[in-house]
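Both backbone and side-chain heavy atoms feed into the values below; hydrogens, waters and symmetry mates do not.
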Amino acid sequence: MLLLFSVVLLAFVPYTAHGTNTKQKQVAIVIDDFGNGMKGTEEILSLPLQLTIAVMPFLPTTEKDATLAHKKGHEIIVHLPMEPLHGKKSWLGPGAITSDLTNDEVRKRVNEAIDAVPHAVGMNNHMGSKITADERVMRIILEVCKERGLYYLDSKTTSKSVVATLAKELQVPYLENELFFDEQYTTKHIIKQANLLMNKIEVDNEIIAIGHVGVAGEKTASVLKQYVPLVIQKAKTVTLSELFISKDVTDLQ
């Protein structure tokens, strides 16, 4: 699968318009890092399209952000903090999934995270380059997703992810991200990624893209706002759940 959209016409990757059939095109935009009153929260939630909003558990505005986003018609998923290969554990926030936890503690924390985020229908990873490559831990996470009726979006923070293999084995509905808008915090980069997305819409039927609130949140919101009219000319904007309709949900790539 692929990803989403953004911003002003500029850039390293110019958007080149072509005639295209929009009937089967679907674009799902995911915005990560809600739950802590981050920059861009209000602007993102006010965008004129349905989004999938990934909310971190156990933070000051977790419940508020999830409730407001749901009220505005957006889809909610749990943005579960997971240990990365590099970086400090302190960056993860409370309730993080780390590789030193026992099986029982992993299961307990995942269930508590789901309980903490109102209206959640899915889950993705916050950071997690170490955990998504750890078969023991990811198996437990996906088992809980199955028990709780949640799908899983692999944010693809590592090429060594075991999510696809395990999700197929466990028959857990899953999707994969292929594009981040704002892993670099400049408007120039976000525009580059937005133009890349627009070109991908020409050749791909289903696209998933991830942006963030926070450091670049206001910039991401501004770019997306400018690109929404262009995207809806080429594709239908949908939530992640809508991508599963009429598909084999264990092999939606």
Side-chain angles (χ1 to χ4, degrees), residues 1-7 9 13 15-32 34 44-55 69-70 72-79 119-125 145 149-156 161 163-164 167-168 171-183 190-212 220-221 223-253:
M1 298 272 325
L2 308 183
L3 318 178
L4 249 329
F5 58 111
S6 276
V7 162
L9 292 168
V13 184
Y15 165 54
T16 52
H18 305 285
T20 185
N21 179 4
T22 65
K23 185 177 181 181
Q24 299 299 321
K25 306 287 185 176
Q26 293 181 305
V27 172
I29 302 170
V30 181
I31 305 295
D32 285 352
F34 282 82
I44 289 289
L45 292 181
S46 297
L47 288 171
L49 76 165
Q50 266 194 309
L51 301 166
T52 298
I53 300 298
V55 183
H70 178 74
K72 286 179 172 285
H74 303 302
E75 182 161 287
I76 311 303
I77 63 176
V78 179
H79 193 42
H119 310 294
V121 297
M123 178 182 292
N124 74 337
N125 48 289
C145 284
L150 273 60
Y151 63 76
Y152 191 88
L153 169 67
D154 186 354
S155 299
K156 297 297 285 185
S161 173
V163 170
K168 289 178 181 179
Q171 296 186 313
V172 175
Y174 79 101
L175 296 161
E176 294 180 343
N177 174 50
E178 292 183 26
L179 181 150
F180 286 104
F181 288 122
D182 49 13
E183 70 274 31
I190 298 168
I191 290 169
K192 174 186 173 182
Q193 295 302 94
N195 285 326
L196 177 61
L197 168 64
M198 292 302 300
N199 285 329
K200 286 178 177 292
I201 291 175
E202 302 289 344
V203 295
D204 294 303
N205 287 333
E206 293 97 17
I207 302 170
I208 300 171
I210 293 180
H212 300 79
T220 298
V223 171
L224 290 177
K225 184 176 181 179
Q226 295 178 63
Y227 250 86
V228 166
L230 297 176
V231 171
I232 62 178
Q233 288 178 18
K234 297 290 182 179
K236 179 183 179 182
T237 57
V238 298
T239 63
L240 292 180
S241 288
E242 291 178 271
L243 292 178
F244 290 119
I245 297 173
S246 301
K247 292 180 179 292
D248 178 352
V249 296
T250 60
D251 190 23
L252 187 56
Q253 322 275 329

Minimal non-hydrogen separation, [X] against [Y], with atom names:
| X | Y | answer |
| --- | --- | --- |
| L150 | G122 | CD2-O, 3.5 Å |
| L47 | H74 | O-CE1, 4.5 Å |
| L45 | K72 | O-CD, 3.4 Å |
| L51 | T239 | O-CG2, 4.1 Å |
| A54 | D32 | CB-OD1, 3.3 Å |
| K168 | Y174 | CE-OH, 3.0 Å |

Checking the side chain of [X] only, and the main-chain atoms of [Y] only, is there a donor and an acceptor separated by less than 3.5 Å?
| X | Y | value |
| --- | --- | --- |
| H79 | F34 | no |
| K25 | D204 | yes |
| E75 | S241 | yes |
| E202 | N199 | no |
| N124 | S155 | no |

Inset, instruction - Working to the nearest 0.5 Å, report the span between CD1 of I31 and CD1 of I77. - result: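 Rounded to the nearest 0.5 Å, the CD1-CD1 separation comes to 10.5 Å.
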Legend entry - Y152 side, atom OH; E176 side, atom CD - distance, nearest 0.5 Å: 11.0 Å
Inset, instruction - Using a 4.5 Å cut-off on heavy atoms from C-beta on, say whether the side chain of N177 contacts that of V30. - result: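 Counting from C-beta outward, V30 and N177 never come under 4.5 Å.
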Legend entry - Flag side-chain contact, heavy atom, 4.5 Å: L224 against I44: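 The answer is yes, as the side chains (C-beta and beyond) meet within the 4.5 Å cut-off.
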Inset, instruction - Take V121 and I76, measure what side chain to side chain contact (heavy atoms under 4.5 Å, CB included) needs, and give me the verdict at the end. - result: CA-CA 6 Å; V121 297; I76 311 303; over 6 Å; no
Legend entry - Ring geometry between H119 and H70 (parallel below 30°, tilted from 30 to 60°, perpendicular above 60°):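 The arrangement is parallel - the two ring planes meet at less than 30°.
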Inset, instruction - Applying side chain to side chain contact (heavy atoms under 4.5 Å, CB included), run through I210 and L153 and close with a yes or a no. - result: CA-CA 11 Å; I210 293 180; L153 169 67; 4.2 Å; yes
Legend entry - Residue among N195, L196, I190, I191 satisfying side chain to side chain contact (heavy atoms under 4.5 Å, CB included) with Q193: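 The passing option is L196.
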Inset, instruction - Return the set of residues passing side-chain hydrogen bond (donor to acceptor under 3.5 Å, both in side chains) with Q50 (not counting sequence neighbours), or none when no residue passes. - result: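 Scan of Q50 (side-chain hydrogen bond (donor to acceptor under 3.5 Å, both in side chains), adjacent residues dropped) gives none.
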Inset, instruction - Please name all residues satisfying side-chain hydrogen bond (donor to acceptor under 3.5 Å, both in side chains) with T52, sequence neighbours left out, ordered by chain then number. - result: none
